[in-house]
Amino acid sequence: MTRFSFAVTATDGKARSGVISTARGEIRTPAFMPVGTAATVKAMLPESVRATGADILLGNTYHLMLRPSAERIARLGGLHKFMNWERPILTDSGGFQVMSLASLRKLTEEGVTFSSHIDGSKHHLSPERSMEIQKLLGSDIVMAFDECPALPATEEAVAKSMRLSMRWAQRSRDAFGDRPGHALFGIMQGGVTRALREESAEALTAIGFDGYAVGGLAVGEGQEAMFSVLDYAPGCLPEERPRYLMGVGKPDDIVGAVERGIDMMDCVLPSRSGRTGQAWTRRGQINIKNARHMDDPRPLDEACTCPACRNYSRAYLHHVFRAQEMISGMLLTWHNLHYYQELMAGLRAAIAAGQLSDFVAQFHALRAEGDIDPL
Ligand SMILES: [Zn+2]
């Protein structure tokens with residue numbers, strides 16, 4: 001069985017491109033991971049997600065443990081078989097979503113009890129239970145169980161929460177055991193305070209993980225604050241391991257994170273926007289419900305090779321959105337995921353060629369021009 005490994009094949013400034021190897025296939029980095037919350041990337045068939053260029057998907061422990069339950073998925077052959085996706089899957093630990101979605105939370109050193117947002121039923125998560133659930137799901141990349149403090153929080157509260165997460169990181173490592181081909185990632189916390197981020201990185205590195213995530217960002221602090229952390233945070237983590245920025249983001253967040261040495265990202269944005277009539281293109285964001293598209297026979301983006309752009313006009317996409325037809329979410333989601341994966345492919349090629357700064361300049365120049373004028 002292929003052991004989990006990461007090879008950096010090119011660097012340009014702080015940016016890296018490379019390959020992560022897992023038992024279920026390779027992941028080209030920098031990688032964008034579409035989010036398949038409830039064992040589906042909404043509005044997409046798995047083969048369509050693959051066709052956009054995705055090497056790996058993300059699944060949510062919190063959602064899957066509540067419905068249909070990790071034990072049921074395990075009985076049915078694991079998450080890959082259940083959702084018909086054979087390639088790598090990363091699952092989050094449930095920690096973040098328990099904090100943002102569940103009710104009646106009770107947090108102790110041991111773990112957290114909570115009530116389901118679906119039916120109010122009572123559940124428990126701890127580092128050990130999170131490792132067990134992610135193993136039942138068959139996840140290729142497992143995330144350590146951490147706590148995310150609700151914002152706004154004082155520096156003292158962020159420090160206390162980070163230290164709890166570091167104790168949980170050790171318990172996650174102990175419970176994960178030795179699983180060849182599978183990986184466990186630790187999660188750096190510490191808010192926007194450099195000393196706390198450094199303390200967190202040191203604690204995680206001492207435990208030793210297969211990869212490291214930068215957590216606790218993209219939670220409303222704004223791009224400037226996020227980039228100010230990313231200016232130093234990736235450099236605190238072991239160079240030879242993949243670095244994953246959780247929950248990011250918009251295309252310009254992704255470009256800025258890759259420039260700062262991030263290898264992996266995930267976000268619901270391209271799929272969620274696709275269902276609300278928002279398209280992301282090389283020229284920025286387009287709102288398809290805007291009346292200016294009503295008579296426009298041109299595609300969303302003339303340079304895009306996705307089915308929505310190859311076969312349909314802006315006028316059609318506008319019509320099906322207004323008529324609330326299901327194909328609207330399907331086509332816009334496909335386009336958005338395709339655009340995101342094209343962006344990642346462009347970043348990887350630019351890093352390999354040592355031309356990242358030119359690529360980034362071109363990226364910003366096209367966005368500054370804005371969308372094409374109405375006919
Ligand atoms: Zn397209």
Side-chain angles (χ1 to χ4, degrees), residues 28 30-36 40-58 85 87 248-255 258 265-350 359-360 362-375:
R28 297 161 290 178
F32 178 79
M33 304 184 280
V35 178
T40 167
V41 177
K42 292 187 197 334
M44 295 286 283
L45 289 171
E47 50 268 44
S48 315
V49 176
R50 176 60 185 159
T52 67
D55 293 333
I56 176 171
L57 292 186
L58 183 140
W85 174 265
R87 288 174 178 274
V248 170
K250 292 188 177 139
D252 56 329
D253 296 331
I254 287 177
V255 169
V258 167
M265 278 152 287
D266 78 280
C267 192
V268 295
L269 195 64
S271 42
R272 182 174 287 167
S273 319
R275 302 193 301 279
T276 57
Q278 306 293 315
W280 296 89
T281 75
R282 297 173 305 137
R283 295 174 175 275
Q285 203 176 354
I286 293 174
N287 188 344
I288 202 64
K289 70 178 171 229
N290 193 309
R292 73 190 190 88
H293 305 297
M294 197 184 288
D295 292 302
D296 199 329
R298 297 171 300 179
L300 271 177
D301 185 337
E302 73 282 359
C304 180
T305 59
C306 87
C309 293
R310 265 198 338 260
N311 305 324
Y312 301 94
S313 62
R314 289 182 179 218
Y316 181 78
L317 296 172
H318 171 84
H319 159 68
V320 289
F321 180 81
R322 296 296 285 254
Q324 300 181 357
E325 290 293 341
M326 276 191 271
I327 198 172
S328 170
M330 293 162 63
L331 289 173
L332 288 184
T333 301
W334 195 320
H335 167 81
N336 285 341
L337 290 176
H338 181 97
Y339 169 69
Y340 267 63
Q341 295 298 346
E342 285 285 298
L343 178 61
M344 301 320 292
L347 287 163
R348 290 192 296 264
F359 180 89
V360 173
Q362 173 75 9
F363 169 83
H364 289 298
L366 256 182
R367 289 165 64 88
E369 275 181 25
D371 190 24
I372 52 174
D373 291 326
L375 283 174

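Residues: numbered from 1 along the sequence shown. Indexing begins at 1, ligand by ligand and atom by atom, following the structure's order.
- The pair Glu302-Arg282 meets the salt-bridge criterion, since a charged nitrogen lies less than 4.0 angstrom from a carboxylate oxygen.
- Looking at every heavy atom in both residues, Met330 comes nearest to Met44 through O-SD, 4.2 Å.
- Note: Asp266 CG to Ile254 CD1 = 9.5 Å, rounded to the nearest 0.5 Å.
- Ion pairing between Arg314 and Asp295 fails under the 4.0 Å rule for side-chain N and carboxylate O.
- Across every non-hydrogen atom of Leu332 and Ala279, the tightest pair is CD2-CB, 4.3 Å.
- Within the protein, the N, O or S atoms lying under 2.8 Å from the Zn ion (ligand 1) are Cys304 SG, Cys306 SG, Cys309 SG, His335 ND1.
- Salt bridge present: Arg298 and Asp296 bring a charged side-chain N and a carboxylate O closer than 4.0 Å.
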